[in-house]
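Notes for the one structure printed next.
All ligand and atom numbering here is 1-based and tracks the order in the structure. Quick note: residue numbers are just sequence positions, from 1.
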Amino acid sequence: MNTYAFPGNIEEDILQIAARQIPYMRTEWFSELMKENERMLLDAIGCPGGHVMFFTSSGTGAMDAVVENYVMATGKAFIIDGGSFGHRWVELCRYHGAAHEVFEVPFASDIDYDLLDRMVGDSLPKVFLCQHHETSSGQLFDLKRISAICQKYGVSLVVDVISSFLAEDIDMDGLKIDVAITSTQKGLNLPPGAALVFLSEKALCTDFRHGNYYFDFQDNLCNMQRGQTPFSPATTIFMQINERMKRNMAAGIRNLVEATRRKALYFREKCREFEWEIPAETPANAITGFYLHRNGDKLFGELQKEHIFIMPSGRKDFFRVSHMGIQNEHDLDILADAIRRIEMM
Ligand SMILES: *Cc1c(COP(=O)(O)O)cnc(C)c1O
């Protein structure tokens with residue numbers, strides 16, 4: 001099987017970690033593993049003085065937890081809705097009855113930052129919610145410009161970096177990000193099942209709201225002081241995070257981001273060759289989103305027959321190929337040729 005979705009192809013020895021007997025987690029060994037995970041993750045995102053909370057859920061669980069614990073404790077939210085993931089922030093705020101305003105961004109477009117500056121200045125929210133990479137289109141937003149606007153108006157910045165962590169340069173302290181979220185099957189390229197919330201030193205001083213027993217920030221932070229989660233963790237995934245991050249730190253985050261960027265650029269050359277349009281104004285490294293000319297209704301099924309997965313979408317003839325997993329230029333040649341063959345069927 002070859003997968004260009006989330007996760008992408010995972011190293012055999014990292015997969016094998018989950019194929020062995022599972023050690024008990026209320027132990028010194030597991031506490032040390034989790035503390036080491038936290039240190040490596042904070043270093044990787046540029047927030048050495050912060051803390052990480054580990055939840056056994058997908059990324060949306062962490063988004064939900066952030067709205068309940070942080071947004072509702074802090075005040076009115078201002079949301080960038082640039083696709084289905086931005087829209088998820090809107091739905092979560094609606095669901096919880098959190099005060100919010102929405103700034104819509106057309107599919108695959110970048111934000112009009114001058115307009116955004118004026119809108120935030122008029123709205124004067126307390127919290128800014130956005131994605132770094134809107135994975136539904138492949139569009140990357142400019143966190144430097146967003147951060148500057150937030151600082152100008154004293155707005156706390158919360159960023160969903162689920163599909164940009166380890167795929168783009170992120171300096172959480174430098175960008176004054178208070179809360180960042182990721183999950184295991186995206187940048188970490190591990191099995192789905194765990195979500196991570198990064199809190200800056202400043203965000204740690206928040207008087208968090210208590211609205212959800214399982215996802216309670218104070219309880220989770222308190223437990224992480226001894227390297228534990230309040231409830232049964234997905235032990236093997238946290239062991240896989242440990243191995244993955246050890247390798248990432250040894251390789252260097254910059255090099256990792258550069259390697260992903262090169263894979264993306266290589267595949268985009270193929271897209272140019274076959275004239276598949278890439279709509280993203282500023283394409284992110286993690287995926288390439290592109291339009292096929294024909295047979296979009298057949299592509300997903302036909303590729304599956306060859307044991308290849310890419311990601312379809314609700315948009316006609318629009319597909320996404322992830323660059324996070326193991327893949328080399330030869331693999332991408334084969335993938336592009338397979339897509340071309342099906343397009344020409
Ligand atoms: C994948 C993803 C999520 C979370 O989706 P889940 O279905 O909960 O895994 C949130 N935001 C972005 C930008 C994503 O790419």
Side-chain angles (χ1 to χ4, degrees), residues 3-8 10 45 53-68 70-71 77 79-96 102-105 107-111 128-143 146 157-168 170 172 177 179-198 212 214-215 234 237 240-241 257 260 264 280 282-289 309-315 318-325:
T3 178
Y4 301 94
F6 290 121
I10 300 173
I45 206 167
M53 285 178 285
F54 297 87
F55 296 110
T56 295
S57 78
S58 79
T60 306
M63 293 173 78
D64 200 359
V66 166
V67 171
E68 289 182 304
Y70 187 72
V71 176
I79 305 171
I80 299 293
D81 180 353
S84 51
F85 293 108
H87 197 68
R88 196 159 298 172
W89 282 128
V90 179
E91 287 187 346
L92 282 164
C93 285
R94 264 194 213 134
Y95 188 90
H96 292 294
V102 182
F103 186 92
E104 281 182 24
V105 181
F107 176 76
S109 297
D110 202 351
I111 295 167
F128 193 97
L129 301 174
C130 66
Q131 270 65 37
H132 185 195
H133 168 211
E134 177 51 74
T135 326
S136 60
S137 67
Q139 170 64 34
L140 188 74
F141 296 131
D142 189 337
L143 283 185
I146 288 173
L157 178 55
V158 173
V159 188
D160 166 355
V161 299
I162 290 180
S163 63
S164 62
F165 178 58
L166 304 175
E168 309 284 343
I170 304 173
M172 195 166 155
I177 297 173
V179 183
I181 300 168
T182 193
S183 65
T184 44
Q185 84 271 32
K186 303 282 172 78
L188 285 158
N189 201 51
L190 291 172
L196 283 52
V197 177
F198 296 83
N212 186 314
Y214 188 83
F215 287 97
I237 297 185
Q240 289 171 318
I241 290 178
V257 170
T260 303
T282 327
N285 294 332
I287 68 162
T288 298
F309 287 101
I310 64 171
M311 295 178 280
S313 73
R315 212 163 265 270
F318 184 66
F319 293 88
R320 295 163 304 150
V321 165
S322 153
H323 301 295
M324 297 311 303

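- In summary, of the residues considered (His133, His132, Lys186), a side chain to side chain donor-acceptor pair (under 3.5 Å) with Ser163 occurs for His133 alone.
- Side-chain contact between Ile241 and Leu196: present, with at least one pair of heavy atoms (C-beta onward) separated by less than 4.5 Å.
- Within the 3.5 Å criterion, the main-chain N or O of Glu168 finds no donor-acceptor partner in the side chain of Asn285.
- Across Gly86 and Glu134, no two heavy atoms sit closer than the pair N-OE1, 2.9 Å.
- Close contacts of ligand 1 with Thr135, meaning ligand atoms under 4.0 Å from a residue heavy atom, involve 12 (C), 13 (C), 14 (C), 15 (O).
- Near Lys186, meaning under 4.0 Å from one of its heavy atoms, ligand 1 places the atoms 1 (C), 2 (C), 3 (C), 14 (C), 15 (O).
- When heavy-atom distances to ligand 1 are checked against a 4.0 Å cut-off, Asp160 comes that close only through its side chain, counted from C-beta outward.
- The Met63 neighbourhood of ligand 1 comprises atoms 10 (C), with distances under 4.0 Å to a heavy atom of that residue.
- Ligand 1 has at least one atom lying under 4.0 Å from a heavy atom of Arg88.
- Sparse packing is recorded around OH of Tyr95, with 12 or fewer heavy atoms of other residues, nucleotides or ligands lying under 6.0 Å away.
- Summary of contacts: the protein heavy atom closest to atom 10 (C) of ligand 1 is Ile162 CD1, 3.2 Å.
- Residue Thr60 approaches ligand 1 through these ligand atoms, each under 4.0 Å from one of its heavy atoms: 4 (C), 5 (O), 6 (P), 7 (O), 8 (O).
- Using 4.0 Å as the threshold, Glu134 has no heavy atom nearer than that to any atom of ligand 1.
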